[in-house]
Number of protein chains: 2
Amino acid sequence: MPAVSKPPAKNLRPAEPKAAAPSSSKAMKETAAAAAVVAERERRRLQMADIARLAGVSVSTVSRALSGSTLVNAETRQRVVELARSLNYTINQGAQNLRMQKNRTIAVVVPYDSTSRQHISDPFFLAIVGSIADALTDRGYEMLLSRVDSEKLDSAGASYDAGRVIGVIIIGQWRHHDQLNEMAARHVPLVVWGAEMPQQLYCTVGGDNHDGGYQATRHLIKGGRKRILFLGDPQLPEVRWRHQGYLDALKEAGIKFDRQWLLDVPFEEAAARRRLDEAYRDGLSFDGVVACSDLLALQAVRAVRATGRRVPGDVSITGYDDAPLAAWSDPPLTTVHQPVDEAGRRIVEALLAQVEGEPPRSRTMPVNLVVRKSTVG
Amino acid sequence: MPAVSKPPAKNLRPAEPKAAAPSSSKAMKETAAAAAVVAERERRRLQMADIARLAGVSVSTVSRALSGSTLVNAETRQRVVELARSLNYTINQGAQNLRMQKNRTIAVVVPYDSTSRQHISDPFFLAIVGSIADALTDRGYEMLLSRVDSEKLDSAGASYDAGRVIGVIIIGQWRHHDQLNEMAARHVPLVVWGAEMPQQLYCTVGGDNHDGGYQATRHLIKGGRKRILFLGDPQLPEVRWRHQGYLDALKEAGIKFDRQWLLDVPFEEAAARRRLDEAYRDGLSFDGVVACSDLLALQAVRAVRATGRRVPGDVSITGYDDAPLAAWSDPPLTTVHQPVDEAGRRIVEALLAQVEGEPPRSRTMPVNLVVRKSTVG
DNA sequence: ATGAAAGCGCTAACAC
DNA sequence: GTGTTAGCGCTTTCAT
């Protein structure tokens, strides 16, 4: 190679020099063993060039061997693969991804709502995360889990813009319809666990909230209840649908809805209890409660019992989600079961479809009422 | 540029050509707007070169501007930053990491044990995952969550070897002491939620299991119980310690342990129930149960009640973990509270210390007994 | 204050 | 069947 065609090599190392390598490339003709020892001593991360040197072949050959290419001699391949194995060498995924323009990582975001304080520790959300993790693992994708302030949801989009992930899953839509729409408009592959809304650009997967609210209410009515409270915050899309189902069930039974029956509490236990106590103090009279989570329902149970009344004797109460707790509580809760296991699969399915370029398709899954002892009928 | 000094450019694109760019570099002097439009139309991911072209500066300048370097003219910086902002451009993290040799992601692995079937959906493990996610987020790290067959735990090490993550957190040690030791011997920064064991190379963070078992048992004894079963599988390190604590409490009270009192069931509900029913059938007589999870305890409650006996009247029962469910169950469980919130912080702390090169330091956190209604005393 | 160019660890087209 | 080399999208030294 004529000297004119290439400037002398310069020292352009990144901050951390990878190794105190001899400066002359000729001095690098060390023996395999020695090189391994050096690499180990320096505690530098092994790389393809090391394997190549040790195996006495070029990096291309190593690359081909490790990818199982038939272009490389079977025996050579064997040797390289075993060498890599024995040294615990694994292809640097970052470099590979960069070169191949591939990526199999999905962001899963659990927003925390500064107002309602229901965050990642919510058992139902955690269960969904688990279910998504399973579905993703099954399909060979990786999951990057993070918490994000729900006011800054778009920071979830940033990890997409940064090429860090190829799609985003958000657990719960809260009040952030607009932010979500914006992300979708930017073509971030996105699936949100929640309820379908009018004028929605993004894709949601969720339970049938209208039917959930309807079934629970209908069940109470069938049990002879006529003054039924609704416990939840209808500002949240999921809750709004449940409330609509509740209203429809009332109407169907010819029961006129009383504004006072709506107890718009956030997903927070203490607030629910306070709100119920207030209702009693205000002389509100009721014989049924449709709550928007199992924990809320149990708070209602406590509030009712605190007045000397009985559940379900005097007041029937339904929960929502069918968390493990619902089956074991006192009383065991009649509750709307959400299909957590299916949820993970559906969410992942919907996301990967978008990654493949298909248009977003929302999906509503059926829910079913599990009747236990917190209601009569 | 003399032709001799450089071979003609060849087409060495990776599989997906990034854009149908004009072949002459002179033709690339498009206007800013046009370029943006093209990039958008091609739906190619924006990159630094695009921003550079649009801003009329070199990529180096863009790089410097975006990193807030003072080496760049304040006004230029402003312009570049705003341009990037308005186009939702974000530095490609993969490329940046590769170049800078940095990485802030941590693998969190929830093994599933094919034998006992307790897997990622276990509420307690999920809660720990949530707690770790919080701690990691707080410190600016990312979390890669995955499930792994506990027989192939070392695949967790692979993502370290691949440079994908800089450390690994494993939730639950199960029976895989040896595999974990191996990983640690390979210097994979590693923290395991579990119990400390003799001859352990890896770092564990966990509750004080001996004390948990001891406190629960002691509480039963104080309540006058003398024939106390232990429900759990002592093959698991955590359970082994709890059992030891149980034995020590018995000995201290001068109660002789009867081999039959050990009901070695895995963390699986159905099995626990079956085992208890068998015990009754075999004529085993007992007045207390120390269970190794809240769910196990509740199964015990059912089994006891199924014989017409009462809890805690005839049999006192303690749980373990203090899951949300324990407070609401029937009866509310006396149980050993595990410090979930602190757990996440401690685990992350221990891991990052290792990443910084410090030697592994295990940590045992205090636990405390929460007395409710499933025991007398 | 800015630009040119090398190289992070890898893959694949091209030459032999 | 194997080696050489360009380049994935960045950062940083060096030169200006």
Side-chain angles (χ1 to χ4, degrees), chain A residues 1 5-19 21 44-52 55-77 80 89-103 161-164, chain B residues 1 5-19 25 44-53 55-77 79-80 89-103 161-164:
Chain A
M1 174 191 300
S5 72
K6 257 204 168 167
K10 291 165 194 169
N11 182 6
L12 285 184
R13 298 233 166 89
E16 291 258 302
K18 43 182 283 193
R44 173 174 61 91
R45 198 168 239 102
L46 226 44
Q47 55 190 76
M48 214 173 247
D50 299 310
I51 307 294
V57 295
S58 73
V59 288
S60 342
T61 302
V62 174
S63 173
R64 287 192 272 252
L66 293 180
S67 71
S69 161
T70 53
L71 276 164
V72 59
N73 184 308
E75 187 219 316
T76 315
R77 183 166 67 221
V80 169
Y89 169 76
T90 306
I91 291 174
N92 181 308
Q93 242 197 81
Q96 189 181 48
N97 287 353
L98 180 58
R99 171 64 223 225
M100 300 184 71
Q101 308 272 268
K102 76 163 197 199
N103 181 341
D161 293 326
R164 185 88 181 75
Chain B
M1 173 191 301
S5 73
K6 255 204 171 169
K10 289 168 196 168
N11 182 6
L12 286 185
R13 298 233 167 89
E16 293 256 302
K18 45 181 282 194
S25 72
R44 175 173 60 93
R45 198 168 239 103
L46 227 43
Q47 55 190 79
M48 215 172 245
D50 299 308
I51 306 294
R53 204 164 349 103
V57 295
S58 72
V59 290
S60 333
T61 302
V62 174
S63 173
R64 288 192 270 251
L66 293 179
S67 71
S69 160
T70 53
L71 276 163
V72 61
N73 184 309
E75 187 218 315
T76 315
R77 182 166 65 221
R79 198 156 43 88
V80 169
Y89 169 76
T90 306
I91 291 174
N92 181 307
Q93 242 197 79
Q96 190 181 48
N97 287 353
L98 180 58
R99 173 63 225 223
M100 300 183 72
Q101 308 273 272
K102 75 162 196 198
N103 181 341
D161 293 325
R164 185 90 183 73

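Note that the structure is a prediction, hence the values are computed from the model and not measured. Lettering follows sequence order; numbering is per chain, from 1.
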Interatomic distance where [atom1] belongs to [X] and [atom2] belongs to [N] [whole Å]:
| X | N | atom1 | atom2 | answer |
| --- | --- | --- | --- | --- |
| Arg53(B) | dG3(C) | CZ | P | 14 Å |
| Asp50(B) | dG9(D) | CG | P | 9 Å |
| Asn103(A) | dG9(D) | CG | P | 13 Å |
| Met100(A) | dG9(D) | CE | P | 14 Å |
| Met48(B) | dC10(D) | CE | P | 5 Å |
| Ile91(B) | dG9(D) | CD1 | P | 14 Å |
| Arg99(B) | dG9(D) | CZ | C1' | 11 Å |
| Arg164(A) | dC10(D) | CZ | P | 15 Å |

Quick one: does any side-chain atom of Asn92(A) pair with a main-chain N or O of Gln47(A) as donor and acceptor, under 3.5 Å?
no
Heavy atoms from C-beta onward define the side chain here; which of dT2(D), dG9(D), dT2(C) lies closest to that of Thr76(A)?
dT2(D)
What residues 58-66 of chain A contributes to the DNA chain D interface at heavy-atom separation below 4.0 Å is Ser58(A), Ser60(A), Thr61(A), Arg64(A)
Would you kindly compare Val57(A) and Ala49(B) by the position of their nearest DNA chain D nucleotide and give the one closer to the 5′ end?
Val57(A)
Given [N], is OP1 or OP2 found less than 4.0 Å from the side-chain N or O atoms of [X]?
| X | N | result |
| --- | --- | --- |
| Gln101(B) | dG9(C) | yes |
| Tyr89(B) | dC10(D) | yes |
| Gln96(A) | dT11(C) | yes |

Please report the shortest heavy-atom distance between [X] and [Y], naming the atom on each side.
| X | Y | value |
| --- | --- | --- |
| Val62(B) | Ala52(B) | CG2-CA, 3.5 Å |
| Ala49(B) | Val59(B) | CA-CG1, 3.7 Å |
| Val72(B) | Ala65(B) | CG1-CA, 3.9 Å |

Along DNA chain C (nearest heavy atom to each residue), the more 5'-positioned of Ala74(B) and Thr90(A):
Ala74(B)
I want to confirm an ordering. Mapping Ala95(B) and Leu71(B) to their closest nucleotides on DNA chain C, which one lands closer to the 5' end?
Leu71(B)
Go through Arg77(A) and Arg64(A) one step at a time and tell me if the side chain to side chain contact (heavy atoms under 4.5 Å, CB included) criterion holds.
CA-CA 8 Å; Arg77(A) 183 166 67 221; Arg64(A) 287 192 272 252; over 6 Å; no
Before giving the answer on side chain to side chain contact (heavy atoms under 4.5 Å, CB included), spell out for Tyr89(A) and Asp50(A) the whole-Å C-alpha distance, their side-chain angles and the decisive distance to 0.1 Å.
CA-CA 10 Å; Tyr89(A) 169 76; Asp50(A) 299 310; over 6 Å; no
What I want to check is whether the side chains of Ser63(A) and Ser60(A) have a donor and an acceptor closer together than 3.5 Å.
no
